[in-house]
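Let me begin by presenting the structure, written as structure tokens, before commenting on it.
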There are 2 protein chains.
Amino acid sequence: MDQIDNQILSIIHENARITVSEMSRKIAMSQPAVTERLRKLEEQGVIKGYKAVLSPSKLIKYTTAFVLLKSNNCKEFEEFGEASPEIIDFYRTSGEYNYLLKVVTATSETLEAFLERCNTFGFSSTLVVLSTRFEDKSLVADAKLL
Amino acid sequence: MDQIDNQILSIIHENARITVSEMSRKIAMSQPAVTERLRKLEEQGVIKGYKAVLSPSKLIKYTTAFVLLKSNNCKEFEEFGEASPEIIDFYRTSGEYNYLLKVVTATSETLEAFLERCNTFGFSSTLVVLSTRFEDKSLVADAKLL
DNA sequence: TGTGAAACTGCATCGTC
DNA sequence: GACGATGCAGTTTCACA
């Protein structure tokens, strides 16, 4: 994990479909060398995968919310969580609430229906997202490069 | 946006670095046709980009938390948010709190330091993530395909 | 839009340092 | 580890349906 690996991570976090050749040009290193470094970063688990970022609104999902939930019924609630397509992110947390969910639904009505199902598992509190300033900022500190 | 587009989105959300040829095999369609559909999905903004998923712990970031914040000082707080590398996701929300942040830091000590800076902008409440059940589940309902 | 064929480009691999 | 060369795989482009 040196400076070059950081550059690779930064570039590929920006655009996961960039070709290895283009990357090798950007960081002034041969193509096989970049390929080998990428392979190792994947192997070590530094890179866990590559995902397309999709637009919820273009997929007719207009409501995003965070749901905090306090449940005793953990086993059952986790099964419910796995099976609910509305839940995009699912975290266990410390504090008054033991679960935090990011939920994306078509409208506020479908969110309401989801919350009613949630409330069978415990007490919940919901924060509706009004707007997203940014999402998924790079974890790599040194993001400055060409 | 037909069934084939859904398949393309599902596949590319799963693995953004898949080749178009491999995709064209999976969905039994010619490679130029898939390329053209991909191009349109990007152009329409359905696909907003492609990101590598990095492992926080492999980058020596062991603490993830969600910070709820109530601030009157919105302009200044948003500038602070833009400039803070610890903040990975930044949302404006309805309810008692008007901001929700996902924060990733090295340790609980660095989280504490960050929270102290936050508290100059208003009242905050923090939920520390104990574990992540899943993250970034597909928005495309029909995720079943080979 | 979708297809098939041809030219081009990028990638995996190997030998070398 | 990184480089340069090479054969193969993937992509782009185009004429045609």
Side-chain angles (χ1 to χ4, degrees), chain A residues 1-61 138-146, chain B residues 1-61 138-146:
Chain A
M1 277 298 308
D2 57 7
Q3 194 50 40
I4 295 176
D5 283 335
N6 267 0
Q7 288 188 21
I8 291 175
L9 293 177
S10 180
I11 291 171
I12 209 146
H13 183 264
E14 190 81 9
N15 173 16
R17 277 184 79 75
I18 192 172
T19 62
V20 174
S21 331
E22 205 176 327
M23 256 176 66
S24 71
R25 274 173 235 133
K26 285 197 184 198
I27 62 184
M29 183 178 245
S30 76
Q31 183 256 324
V34 175
T35 303
E36 180 62 10
R37 278 170 177 267
L38 247 192
R39 197 192 60 71
K40 285 189 183 162
L41 288 168
E42 291 171 0
E43 193 183 60
Q44 294 164 4
V46 180
I47 298 175
K48 293 200 286 184
Y50 305 96
K51 296 213 162 187
V53 183
L54 307 184
S55 161
S57 65
K58 294 290 165 67
L59 296 168
I60 327 291
K61 311 241 176 196
S138 178
L139 287 172
V140 186
D142 148 77
K144 292 144 209 154
L145 35 88
L146 262 201
Chain B
M1 277 298 306
D2 58 8
Q3 194 49 40
I4 295 176
D5 284 335
N6 267 359
Q7 289 188 22
I8 291 175
L9 293 176
S10 179
I11 292 170
I12 209 145
H13 183 264
E14 190 80 11
N15 173 16
R17 277 185 80 74
I18 191 172
T19 63
V20 175
S21 331
E22 205 175 328
M23 256 174 70
S24 71
R25 274 174 235 130
K26 286 198 184 198
I27 63 185
M29 184 179 243
S30 78
Q31 194 257 358
V34 175
T35 303
E36 180 61 11
R37 279 170 177 268
L38 247 191
R39 195 192 61 71
K40 286 190 182 163
L41 288 167
E42 290 171 0
E43 193 182 59
Q44 294 165 4
V46 180
I47 298 174
K48 295 200 284 184
Y50 305 95
K51 297 212 160 187
V53 182
L54 308 183
S55 161
S57 64
K58 294 290 164 65
L59 295 167
I60 328 291
K61 311 238 175 199
S138 177
L139 286 173
V140 185
D142 149 76
K144 291 143 206 152
L145 36 85
L146 260 201

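Residue numbering restarts at 1 for every chain, and letters A, B, ... go by the order of the sequence lines. Just the heavy atoms: all of them, side chains too, but no hydrogens, waters or symmetry mates, feed the values below. Because the structure is predicted, anything quoted here is derived from the model rather than measured.
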Please report the closest heavy-atom contact between B:K51 and A:V53, naming both atoms and the distance. CG-CG2, 3.6 Å
Which residues share a salt bridge (Lys or Arg N to Asp or Glu O under 4.0 Å) with B:R37, sequence neighbours left out: B:D2, B:D5
Where is the tightest heavy-atom contact between B:L139 and A:K61, given as atom of each residue plus distance? O-CE, 3.6 Å
Need two values: the first and the last nucleotide of DNA chain D, 5' to 3', having an atom under 4.0 Å from any heavy-atom of chain B. D:dG10 to D:dT13
Using heavy atoms and a sub-4.0 Å distance, could you list which residues of residues 37-46 of chain B are near DNA chain C? By number, please. B:R37, B:K40
Are any non-hydrogen side-chain atoms of B:I4 and B:M29 less than 4.5 angstrom apart? yes
Exam field: side chain A:S10 to backbone A:Q7, donor-acceptor pair closer than 3.5 Å: no
Distance (rounded to the nearest 0.5 Å) between A:I18 CD1 and B:R17 CZ: 8.5 Å
Return the set of residues passing side chain to side chain donor-acceptor pair (under 3.5 Å) with A:Q31 (not counting sequence neighbours), or none when no residue passes. A:T35
Which atoms of nucleotides 12-17 of chain C (N or O only) lie under 3.5 Å from a protein N or O atom, and what are those distances?
from   : atom 1 : to    : atom 2 : distance (Å)
C:dA12 : N6     : A:Q31 : OE1    : 3.4

Residues B:M1, B:L9; criterion side chain to side chain contact (heavy atoms under 4.5 Å, CB included); working and verdict: CA-CA 10 Å; B:M1 277 298 306; B:L9 293 176; 4.0 Å; yes
Can you tell me how far P of C:dT3 sits from CZ of B:R25, to the nearest Å? 15 Å
Taking only residues two or more places apart in sequence, or in another chain, which ones meet A:E14 in a side-chain contact (heavy atoms from CB on, under 4.5 Å)? none
Output the distance between atom OG (B:S138) and atom CD1 (B:I11), rounded to the nearest 0.5 Å. 11.0 Å
Apply side chain to side chain donor-acceptor pair (under 3.5 Å) to B:S55 and list each qualifying residue two or more places apart in sequence or on a separate chain. B:S57
Write down the distance between CE (B:M29) and P (C:dG4), rounded to a whole number of angstrom. 12 Å
For A:S30, enumerate each residue passing the side chain to side chain donor-acceptor pair (under 3.5 Å) test, keeping only those at least two apart in sequence or located in another chain. none
Measure the angle between the two terminal helix axes of the helix from C:dT1-D:dA17 to C:dC17-D:dG1, five base pairs each, and quote it to 10°. 30°
Which donor-acceptor pairs under 3.5 Å do the side chains of residues 40-50 of chain A make with protein atoms, sequence neighbours left out?
from  : atom 1 : to    : atom 2 : distance (Å)
A:E42 : OE2    : A:Y50 : OH     : 2.5
A:E43 : OE2    : A:R39 : NH1    : 3.2

